[in-house]
Amino acid sequence: MSVTEAISVDRPPPRARGWPRTRIVGYALVGLWILFGLGILTYLVYAWNGEFFARYAPAYLQGLWTTLSLVAISMVAGAIFSLPVTYGRMSKNRFLSGLAYCYVYFFRGTPLLVQVYLVYYGLGSFRLQLESIGLWWFFREAFNCGVFAFALNTAAYQAEILRGAIESVPGGQWEGAASLGLHKLQTLRKVILPQAFIVALRPYGNELVLMIKASAIVAIITVYDLMGNAKLAYAKSFDFQAYVWVAIVYLVMVEILRHGVEWIERRITIHLNR
(Lines give C-alpha, C1' and ligand atoms only; values in the text may rest on other atoms or scores of the structure.)
Protein backbone atom coordinates (compact mmCIF):
# COMPACT_ATOMS: atom_id res chain seq x y z
CA MET A 1 0.00 0.00 0.00
CA SER A 2 1.45 3.34 -1.00
CA VAL A 3 1.73 6.33 1.32
CA THR A 4 -0.90 8.19 -0.70
CA GLU A 5 -3.40 5.37 -0.27
CA ALA A 6 -2.66 5.13 3.45
CA ILE A 7 -3.40 8.78 4.19
CA SER A 8 -6.32 9.18 1.81
CA VAL A 9 -9.70 9.96 3.36
CA ASP A 10 -13.21 9.75 2.05
CA ARG A 11 -14.44 12.96 0.54
CA PRO A 12 -17.74 14.41 1.73
CA PRO A 13 -20.74 13.79 -0.50
CA PRO A 14 -21.39 16.44 -3.15
CA ARG A 15 -23.51 19.37 -2.07
CA ALA A 16 -27.14 19.06 -3.06
CA ARG A 17 -28.12 21.32 -5.90
CA GLY A 18 -31.44 22.49 -7.22
CA TRP A 19 -34.63 22.74 -5.22
CA PRO A 20 -35.27 19.60 -3.12
CA ARG A 21 -38.62 19.10 -1.46
CA THR A 22 -37.40 20.09 2.02
CA ARG A 23 -36.07 23.43 0.74
CA ILE A 24 -39.33 24.16 -1.07
CA VAL A 25 -41.38 23.38 2.07
CA GLY A 26 -39.07 25.51 4.21
CA TYR A 27 -39.31 28.52 1.94
CA ALA A 28 -43.07 28.08 1.70
CA LEU A 29 -43.46 28.07 5.49
CA VAL A 30 -41.24 31.13 5.87
CA GLY A 31 -43.27 32.87 3.19
CA LEU A 32 -46.51 32.07 4.98
CA TRP A 33 -45.15 33.52 8.24
CA ILE A 34 -44.04 36.67 6.43
CA LEU A 35 -47.49 37.03 4.85
CA PHE A 36 -49.12 36.48 8.23
CA GLY A 37 -46.95 39.16 9.83
CA LEU A 38 -47.67 41.59 7.01
CA GLY A 39 -51.37 40.87 7.36
CA ILE A 40 -51.32 41.66 11.08
CA LEU A 41 -49.33 44.84 10.44
CA THR A 42 -51.77 45.92 7.74
CA TYR A 43 -54.72 45.25 10.01
CA LEU A 44 -53.21 47.34 12.82
CA VAL A 45 -52.53 50.23 10.43
CA TYR A 46 -56.01 50.32 8.93
CA ALA A 47 -57.83 49.51 12.16
CA TRP A 48 -55.87 51.96 14.29
CA ASN A 49 -58.08 53.49 16.93
CA GLY A 50 -56.39 56.21 18.93
CA GLU A 51 -59.31 56.46 21.32
CA PHE A 52 -59.07 52.74 22.11
CA PHE A 53 -55.35 52.99 22.70
CA ALA A 54 -55.63 56.06 24.94
CA ARG A 55 -58.41 54.48 26.96
CA TYR A 56 -57.00 51.02 27.58
CA ALA A 57 -53.22 51.47 27.37
CA PRO A 58 -52.92 52.30 31.12
CA ALA A 59 -54.88 49.14 31.97
CA TYR A 60 -52.57 47.12 29.73
CA LEU A 61 -49.52 48.53 31.51
CA GLN A 62 -51.02 47.67 34.88
CA GLY A 63 -51.82 44.18 33.62
CA LEU A 64 -48.27 43.81 32.32
CA TRP A 65 -46.92 44.66 35.76
CA THR A 66 -49.26 42.07 37.32
CA THR A 67 -48.09 39.44 34.83
CA LEU A 68 -44.41 40.16 35.45
CA SER A 69 -44.93 40.10 39.22
CA LEU A 70 -46.81 36.82 39.05
CA VAL A 71 -44.15 35.13 36.94
CA ALA A 72 -41.21 36.53 38.92
CA ILE A 73 -42.60 35.53 42.32
CA SER A 74 -43.66 32.11 41.04
CA MET A 75 -40.26 31.38 39.49
CA VAL A 76 -38.33 32.40 42.61
CA ALA A 77 -40.65 30.47 44.92
CA GLY A 78 -40.56 27.50 42.55
CA ALA A 79 -36.75 27.57 42.55
CA ILE A 80 -36.78 27.41 46.37
CA PHE A 81 -39.37 24.61 46.39
CA SER A 82 -37.40 22.68 43.78
CA LEU A 83 -34.33 22.28 45.99
CA PRO A 84 -35.82 19.72 48.43
CA VAL A 85 -37.62 18.03 45.53
CA THR A 86 -34.31 17.69 43.66
CA TYR A 87 -32.68 16.30 46.78
CA GLY A 88 -35.49 13.79 47.13
CA ARG A 89 -35.25 12.74 43.48
CA MET A 90 -31.50 12.13 43.85
CA SER A 91 -31.75 10.54 47.29
CA LYS A 92 -31.03 6.84 47.77
CA ASN A 93 -33.80 6.74 50.35
CA ARG A 94 -36.73 5.02 48.64
CA PHE A 95 -39.33 6.90 50.67
CA LEU A 96 -37.90 10.34 49.84
CA SER A 97 -37.26 9.50 46.20
CA GLY A 98 -40.74 7.99 45.85
CA LEU A 99 -42.38 11.01 47.45
CA ALA A 100 -40.46 13.41 45.20
CA TYR A 101 -41.28 11.28 42.16
CA CYS A 102 -45.00 11.39 42.95
CA TYR A 103 -44.85 15.17 43.32
CA VAL A 104 -43.09 15.62 39.99
CA TYR A 105 -45.33 13.08 38.28
CA PHE A 106 -48.52 14.82 39.41
CA PHE A 107 -47.56 18.40 38.59
CA ARG A 108 -45.96 17.51 35.26
CA GLY A 109 -48.73 15.13 34.28
CA THR A 110 -51.78 17.31 34.97
CA PRO A 111 -52.75 20.55 33.19
CA LEU A 112 -51.78 23.79 34.87
CA LEU A 113 -55.36 24.99 34.42
CA VAL A 114 -56.60 22.10 36.58
CA GLN A 115 -54.01 22.90 39.23
CA VAL A 116 -55.11 26.53 39.36
CA TYR A 117 -58.72 25.41 39.76
CA LEU A 118 -57.76 22.99 42.55
CA VAL A 119 -56.02 25.75 44.48
CA TYR A 120 -58.51 28.55 43.84
CA TYR A 121 -61.78 26.64 44.16
CA GLY A 122 -60.57 23.61 46.12
CA LEU A 123 -58.83 25.41 48.96
CA GLY A 124 -61.53 28.08 48.92
CA SER A 125 -64.01 25.46 50.11
CA PHE A 126 -61.97 25.03 53.31
CA ARG A 127 -62.34 28.60 54.50
CA LEU A 128 -63.11 27.72 58.13
CA GLN A 129 -60.11 25.41 58.38
CA LEU A 130 -57.81 27.95 56.77
CA GLU A 131 -59.08 30.70 59.06
CA SER A 132 -58.38 28.51 62.07
CA ILE A 133 -54.72 28.18 61.11
CA GLY A 134 -54.37 31.77 59.92
CA LEU A 135 -53.92 31.12 56.19
CA TRP A 136 -57.20 32.42 54.81
CA TRP A 137 -55.74 35.92 54.35
CA PHE A 138 -53.43 34.40 51.73
CA PHE A 139 -55.78 32.08 49.85
CA ARG A 140 -58.69 34.50 49.71
CA GLU A 141 -56.79 36.55 47.11
CA ALA A 142 -56.94 35.22 43.55
CA PHE A 143 -53.45 36.55 42.78
CA ASN A 144 -51.97 34.61 45.70
CA CYS A 145 -53.74 31.44 44.60
CA GLY A 146 -52.28 31.87 41.13
CA VAL A 147 -48.78 32.38 42.52
CA PHE A 148 -49.14 29.31 44.75
CA ALA A 149 -50.33 27.07 41.89
CA PHE A 150 -47.69 28.37 39.49
CA ALA A 151 -44.92 27.95 42.06
CA LEU A 152 -45.87 24.33 42.75
CA ASN A 153 -46.04 23.62 39.03
CA THR A 154 -42.74 25.18 38.05
CA ALA A 155 -41.01 23.62 41.08
CA ALA A 156 -41.63 20.19 39.56
CA TYR A 157 -40.11 21.22 36.24
CA GLN A 158 -37.21 23.09 37.81
CA ALA A 159 -36.43 20.09 40.01
CA GLU A 160 -36.07 17.87 36.95
CA ILE A 161 -33.97 20.50 35.17
CA LEU A 162 -31.65 20.83 38.15
CA ARG A 163 -31.41 17.08 38.68
CA GLY A 164 -30.55 16.46 35.04
CA ALA A 165 -27.96 19.26 35.04
CA ILE A 166 -26.24 17.95 38.17
CA GLU A 167 -26.21 14.38 36.91
CA SER A 168 -24.71 15.55 33.61
CA VAL A 169 -21.51 16.56 35.41
CA PRO A 170 -19.04 13.63 35.27
CA GLY A 171 -18.58 11.70 38.50
CA GLY A 172 -14.86 12.29 38.34
CA GLN A 173 -15.48 15.89 39.38
CA TRP A 174 -16.69 14.69 42.78
CA GLU A 175 -13.72 12.38 43.15
CA GLY A 176 -11.26 15.07 42.11
CA ALA A 177 -12.72 17.55 44.59
CA ALA A 178 -12.65 14.95 47.37
CA SER A 179 -8.98 14.28 46.67
CA LEU A 180 -8.34 17.98 47.25
CA GLY A 181 -10.06 17.81 50.63
CA LEU A 182 -13.25 19.63 49.66
CA HIS A 183 -16.43 18.85 51.57
CA LYS A 184 -19.46 17.66 49.60
CA LEU A 185 -21.24 20.98 50.05
CA GLN A 186 -18.13 22.86 48.96
CA THR A 187 -17.83 20.57 45.94
CA LEU A 188 -21.46 21.12 45.06
CA ARG A 189 -21.23 24.91 45.37
CA LYS A 190 -17.82 25.54 43.83
CA VAL A 191 -17.40 22.71 41.32
CA ILE A 192 -20.66 21.01 40.37
CA LEU A 193 -23.22 23.84 40.31
CA PRO A 194 -21.16 26.21 38.10
CA GLN A 195 -20.90 23.46 35.48
CA ALA A 196 -24.51 22.39 35.95
CA PHE A 197 -25.72 25.97 35.51
CA ILE A 198 -24.34 26.05 31.96
CA VAL A 199 -26.32 22.93 31.12
CA ALA A 200 -29.48 24.13 32.89
CA LEU A 201 -29.55 27.67 31.53
CA ARG A 202 -31.39 26.89 28.29
CA PRO A 203 -34.04 24.67 29.97
CA TYR A 204 -34.54 27.32 32.66
CA GLY A 205 -35.02 29.91 29.95
CA ASN A 206 -37.56 27.69 28.22
CA GLU A 207 -39.40 27.17 31.50
CA LEU A 208 -39.54 30.93 32.08
CA VAL A 209 -40.94 31.45 28.58
CA LEU A 210 -43.59 28.82 29.20
CA MET A 211 -44.51 30.44 32.50
CA ILE A 212 -44.93 33.85 30.84
CA LYS A 213 -47.27 32.41 28.23
CA ALA A 214 -49.12 30.25 30.75
CA SER A 215 -49.67 33.23 33.06
CA ALA A 216 -52.67 34.15 30.92
CA ILE A 217 -54.50 31.31 32.69
CA VAL A 218 -54.98 33.39 35.84
CA ALA A 219 -57.39 35.63 33.92
CA ILE A 220 -60.05 32.95 34.44
CA ILE A 221 -59.85 33.33 38.24
CA THR A 222 -60.50 37.09 38.16
CA VAL A 223 -56.85 38.20 38.17
CA TYR A 224 -56.53 41.28 35.98
CA ASP A 225 -53.19 40.51 34.44
CA LEU A 226 -52.31 41.35 30.83
CA MET A 227 -54.77 38.83 29.43
CA GLY A 228 -57.42 39.76 31.99
CA ASN A 229 -57.32 43.41 30.98
CA ALA A 230 -57.43 42.42 27.31
CA LYS A 231 -60.60 40.42 27.93
CA LEU A 232 -62.09 43.37 29.79
CA ALA A 233 -61.15 45.77 27.00
CA TYR A 234 -62.73 43.52 24.38
CA ALA A 235 -65.89 43.06 26.46
CA LYS A 236 -66.33 46.85 26.61
CA SER A 237 -65.29 47.78 23.07
CA PHE A 238 -65.81 44.63 20.97
CA ASP A 239 -62.63 45.65 19.17
CA PHE A 240 -60.44 42.75 18.04
CA GLN A 241 -57.37 44.95 18.55
CA ALA A 242 -57.62 44.11 22.23
CA TYR A 243 -56.27 40.61 21.59
CA VAL A 244 -53.90 41.57 18.80
CA TRP A 245 -52.05 44.03 21.01
CA VAL A 246 -51.82 41.61 23.90
CA ALA A 247 -50.37 38.98 21.56
CA ILE A 248 -47.73 41.48 20.43
CA VAL A 249 -46.82 42.30 24.03
CA TYR A 250 -46.39 38.62 24.89
CA LEU A 251 -44.27 38.14 21.77
CA VAL A 252 -42.03 41.08 22.69
CA MET A 253 -41.55 39.73 26.22
CA VAL A 254 -40.61 36.30 24.93
CA GLU A 255 -38.14 37.74 22.41
CA ILE A 256 -36.48 39.92 25.04
CA LEU A 257 -36.16 36.93 27.33
CA ARG A 258 -34.80 34.72 24.55
CA HIS A 259 -32.09 37.22 23.63
CA GLY A 260 -31.30 37.72 27.32
CA VAL A 261 -30.73 34.00 27.84
CA GLU A 262 -28.54 33.85 24.73
CA TRP A 263 -26.48 36.81 26.01
CA ILE A 264 -25.98 35.16 29.42
CA GLU A 265 -25.02 31.90 27.73
CA ARG A 266 -22.40 33.62 25.62
CA ARG A 267 -20.98 35.31 28.71
CA ILE A 268 -20.71 32.19 30.87
CA THR A 269 -19.35 30.00 28.06
CA ILE A 270 -16.77 32.45 26.77
CA HIS A 271 -14.04 30.16 28.11
CA LEU A 272 -15.26 27.40 25.79
CA ASN A 273 -14.82 29.48 22.63
CA ARG A 274 -11.59 28.68 20.85
Side-chain angles (χ1 to χ4, degrees), residues 70-116 118-119 147-180 182-215 217 253-274:
L70 173 72
V71 173
I73 298 173
S74 300
M75 287 295 295
V76 173
I80 297 174
F81 293 162
S82 69
L83 296 179
V85 179
T86 304
Y87 176 80
R89 290 284 285 131
M90 301 181 65
S91 175
K92 296 181 180 180
N93 187 305
R94 290 187 176 182
F95 176 76
L96 291 179
S97 62
L99 192 64
Y101 175 81
C102 291
Y103 175 87
V104 172
Y105 182 82
F106 174 80
F107 283 99
R108 293 181 68 191
T110 57
L112 180 57
L113 177 61
V114 174
Q115 297 165 20
V116 172
L118 288 175
V119 174
V147 168
F148 186 72
F150 275 55
L152 293 179
N153 178 272
T154 189
Y157 286 93
Q158 291 190 45
E160 287 299 287
I161 293 171
L162 183 58
R163 180 181 69 88
I166 292 176
E167 291 181 349
S168 69
V169 180
Q173 300 285 339
W174 293 92
E175 299 172 0
S179 67
L180 296 175
L182 294 179
H183 190 269
K184 285 187 175 181
L185 290 179
Q186 291 178 319
T187 303
L188 182 65
R189 181 170 61 88
K190 297 182 178 181
V191 180
I192 303 301
L193 287 182
Q195 299 178 69
F197 180 71
I198 297 177
V199 178
L201 179 61
R202 282 283 181 172
Y204 268 118
N206 293 337
E207 175 62 15
L208 183 55
V209 168
L210 292 175
M211 288 292 292
I212 288 177
K213 294 188 291 185
S215 64
I217 291 176
M253 285 194 294
V254 169
E255 282 300 304
I256 292 175
L257 177 62
R258 183 176 66 85
H259 287 288
V261 171
E262 291 179 353
W263 180 81
I264 295 174
E265 187 177 34
R266 288 195 301 268
R267 295 289 296 178
I268 65 177
T269 59
I270 193 171
H271 64 285
L272 300 177
N273 298 329
R274 296 181 179 179

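What you are looking at is a predicted structure, and each value in this text was computed from that prediction instead of being measured.
- With hydrogens and angles disregarded, no donor-acceptor distance shorter than 3.5 Å links the side chain of E207 to the backbone of Q158.
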Steps toward side-chain contact (heavy atoms from CB on, under 4.5 Å) verdict (F81, T154):
CA-CA 9 Å; F81 293 162; T154 189; over 6 Å; no

Report the C-alpha separation of V169 and L193 in whole Å, then their side-chain angles, then the decisive distance to 0.1 Å, and conclude whether the side-chain contact (heavy atoms from CB on, under 4.5 Å) test is met.
CA-CA 9 Å; V169 180; L193 287 182; over 6 Å; no

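- The nearest pair of heavy atoms linking V119 to A149 is CG2-CB, 3.9 Å.
- The main-chain N or O of V71 is never found under 3.5 Å from a side-chain atom of S74 such that the two would form a donor-acceptor pair.
- Distance alone, capped at 3.5 Å, is enough to place a donor-acceptor pair between the S97 side chain and the N93 backbone.
- The backbone N or O of T110 lies less than 3.5 Å from a partner atom in the side chain of Q115, making a donor-acceptor pair.
- For E160 (side chain) and A156 (main-chain N/O), no donor-acceptor pair under 3.5 Å exists by modelled atom type.
- A ring-ring contact (aromatic ring centres under 6.0 Å, His included) with Y103 is found for exactly one of F106, F107, Y101, namely F107.
- Judged by distance alone, the side chain of S82 and the main-chain N or O of A79 form a donor-acceptor pair under 3.5 Å.
- The closest donor-acceptor contact from the side chain of Y157 to the backbone of P203 lies at 3.5 Å or more, if one exists at all.
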I would like to know whether M75 and L208 meet side-chain contact (heavy atoms from CB on, under 4.5 Å); could you show each step before the answer?
CA-CA 7 Å; M75 287 295 295; L208 183 55; 3.6 Å; yes

Residues R258, M253; criterion side-chain contact (heavy atoms from CB on, under 4.5 Å); working and verdict:
CA-CA 9 Å; R258 183 176 66 85; M253 285 194 294; over 6 Å; no

